[in-house]
Number of protein chains: 2
Amino acid sequence: MSGALHGKARGVKLVTWNINSVRARLDRLLDYLQTRAPDVLCLQELKCTDEQFPALELQAAGYHAAVFGQKSYNGVAILSKEPLTEVARNLGDDDEQSRLIAATWRGIRVVGLYAPNGQSLASPAYRYKLDWYAKLNRWLASQPGPLFVCGDFNVAPEDADTWDPALWQGQTLASAPEREAFAELKARHGLVDLFREKHPEPARFTWWDYRAGAFHKNQGLRIDHLLVSPELAARCTAVDVDREARKGKLPSDHAPVWAEFA
Amino acid sequence: MSGALHGKARGVKLVTWNINSVRARLDRLLDYLQTRAPDVLCLQELKCTDEQFPALELQAAGYHAAVFGQKSYNGVAILSKEPLTEVARNLGDDDEQSRLIAATWRGIRVVGLYAPNGQSLASPAYRYKLDWYAKLNRWLASQPGPLFVCGDFNVAPEDADTWDPALWQGQTLASAPEREAFAELKARHGLVDLFREKHPEPARFTWWDYRAGAFHKNQGLRIDHLLVSPELAARCTAVDVDREARKGKLPSDHAPVWAEFA
DNA sequence: GTTTTTCGAG
DNA sequence: CTCGAAAAAC
């Protein structure tokens, strides 16, 4: 990908954000686009169909959108200032849940995903989650690099990614099979957990439960990730969580995670 | 009732308003009380129980309240600066829907009602509506005069009370049986349609559908009424619709109808 | 607990 | 369009 990021003199910013209903939070989204001006923004949990997606408002804000919606639940999109090409949806199967969208931006393969939550270890949803990860792992091999795989992975990779490791021990989002699936993604495709690489400190979260003042007490999880190819990681100048976006009235329960590249 | 209105030198103002959820619109209500300072305000569609009714806030605003609430739907109340006496609820039967409240104010029998909508001519709700009107008609004979009967009657008495008579021809809210029931109320109890008496012009509405910019196009109905005894009508100095209250963000779909008396 | 969806009602 | 209620999701 040598030179893929050298189209402009200034750096570029790529972001992932589980927005938890793009319609309910369109004002926040437009504000975010205006103030942070990301070059690429991957959205999860649109909770709307393609028809319901606010494409016009986003166009007016200067953004193209590749959308993969679904009625009521799930739904993912990639917004970008520059047009996207080679848009792909889901993992090549006939899954009725809209959980993944991919597109090429300046030669980078951008993948935005919303992994299944898994509910509880005993539930069918947990099995579905592991199967989905296995499919994702296989499918990624078909994608041209360099890769920028981001989204809500619904996995806290290490104990340091939970606010109370004892409490989360073995629970969904922190169980060993999920962590292994996440680790295999990185290992097989040589991807770097960009946030963790730059921030070794624990308790840096991207999601906080709406209940019991969890955000105020920083009782959260790090489950939104940026997994990138080494050549991209090498150009990363900064990566962080936009905690501001979790504040105020009617926020999403997730905060955006962004990275800048030289 | 000679002298009933002569307690004060200045005139008095009585109002009816279908507020469509008193909790969702408490700010508007308090603003209305402060700026218009009605002596009596009849409210319909409280959409809350007696316990949920914001009695404290209204008390702080200087108003007494006689309330007849109901969970989720219906619910009526009478607010007044001076205490109300002889509060009665519904039509003496065991109807589970809270649609009528009556009280005595300065010797006037104030009745605030929310008539059934009727849905469609073929529905059981339509039969219920006509039966309710028949009961109301009989019940009114038991009430001591002079009468101030107001509220959301869910009847447009004449073609001039609809924005498109051809469209409304025979429809619920404008059908002949409903109009006859409304006319019988007036005839049997010698009541005057106060707004119509002062305003012969057509297209003066009190309700506009939320959808399709109906208010902006003045596509509405006159279904909120003040029916008063002749001795009250004789003292009326002005009557009108508060269209301002239908403007702005999150209004009720009804506007208040007010009358001033010398 | 909090939000979001859908639904029925108007 | 807007509300309240209910259920689902997290």
Side-chain angles (χ1 to χ4, degrees), chain A residues 18-26 28 44-49 52 69-75 97 114-120 123 125-126 129 152 154 156 168 171-174 205-217 219-221 223-224 246 248-254, chain B residues 18-26 28 44-49 52 69-75 97 99 114-120 123-126 128-129 152 154 171-173 206-217 219-221 223-224 246-254:
Chain A
N18 180 323
I19 197 167
N20 187 13
S21 177
V22 71
R23 289 179 295 168
R25 257 170 284 286
L26 181 57
R28 277 182 179 266
Q44 299 91 39
E45 284 209 81
L46 304 178
K47 290 188 173 175
C48 70
T49 62
Q52 297 168 324
Q70 180 186 327
K71 180 181 157 79
S72 304
Y73 299 115
N74 308 316
Q97 300 185 26
Y114 173 50
N117 175 282
Q119 302 212 117
S120 67
S123 74
Y126 184 74
K129 181 178 190 173
D152 177 358
N154 265 318
W168 281 94
Q171 301 300 305
T172 320
L173 309 193
F205 305 133
T206 66
W207 170 89
W208 302 261
D209 198 302
Y210 282 125
R211 291 165 281 188
F215 179 70
H216 184 68
K217 294 180 274 190
Q219 296 181 343
L221 298 175
I223 57 180
D224 300 271
R246 175 64 233 253
K249 283 201 44 139
L250 297 182
S252 167
D253 43 355
H254 295 252
Chain B
N18 180 324
I19 197 168
N20 187 14
S21 177
V22 70
R23 288 179 294 168
R25 257 170 283 289
L26 182 56
R28 278 183 178 264
Q44 298 91 40
E45 285 209 82
L46 304 179
K47 289 186 173 176
C48 70
T49 62
Q52 298 169 323
Q70 180 187 327
K71 180 181 157 82
S72 305
Y73 299 115
N74 308 316
Q97 298 186 28
R99 293 191 171 275
Y114 173 50
N117 175 282
Q119 301 210 130
S120 67
S123 76
Y126 184 75
Y128 174 75
K129 181 178 191 173
D152 177 357
N154 266 318
Q171 301 301 303
T172 320
L173 310 192
T206 66
W207 171 87
W208 301 260
D209 197 301
Y210 282 124
R211 291 162 284 191
F215 178 71
H216 185 68
K217 294 180 273 189
Q219 297 181 343
L221 298 176
I223 56 178
D224 300 270
R246 175 65 234 254
K247 299 177 181 174
K249 282 200 47 136
L250 296 182
S252 168
D253 44 354
H254 295 252

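Throughout, a chain's letter reflects where its sequence line sits, starting with A, and its residues are numbered from 1. Bear in mind that the values here come from a model prediction, so they are computed numbers and not experimental data.
- Residues passing the salt bridge (charged side-chain N to carboxylate O under 4.0 Å, His left out) test with B:Lys247 are B:Glu244, sequence neighbours excluded.
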So if I define the base as every atom that isn't primed, P, OP1 or OP2, how would nucleotides 2-10 of chain D read as a B/S/- string at a heavy-atom cutoff under 4.0 Å? SSSS--SSB
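- Counting all heavy atoms, side chain and backbone alike, A:Thr172 lies closest to A:Gly118 at CG2-C, 3.8 Å.
- A:Trp207 and A:His254 have tilted rings, their planes meeting at an angle from 30° to 60° on a 0 to 90° scale.
- Listed by chain and number, the residues in a salt bridge (charged side-chain N to carboxylate O under 4.0 Å, His left out) with A:Arg211 are A:Asp209 (sequence neighbours excluded).
- In terms of the ring-ring contact (aromatic ring centres under 6.0 Å, His included) criterion, A:Tyr126 has no residue partners (sequence neighbours excluded).
- With sequence neighbours excluded, no residue satisfies ring-ring contact (aromatic ring centres under 6.0 Å, His included) with B:Tyr73.
- The footprint of chain A on DNA chain C, defined by a heavy-atom cutoff below 4.0 Å, extends from C:dG1 to C:dT6.
- Side-chain contact annotation: B:Lys129 with B:Asn117, donor-acceptor N/O pair under 3.5 Å absent.
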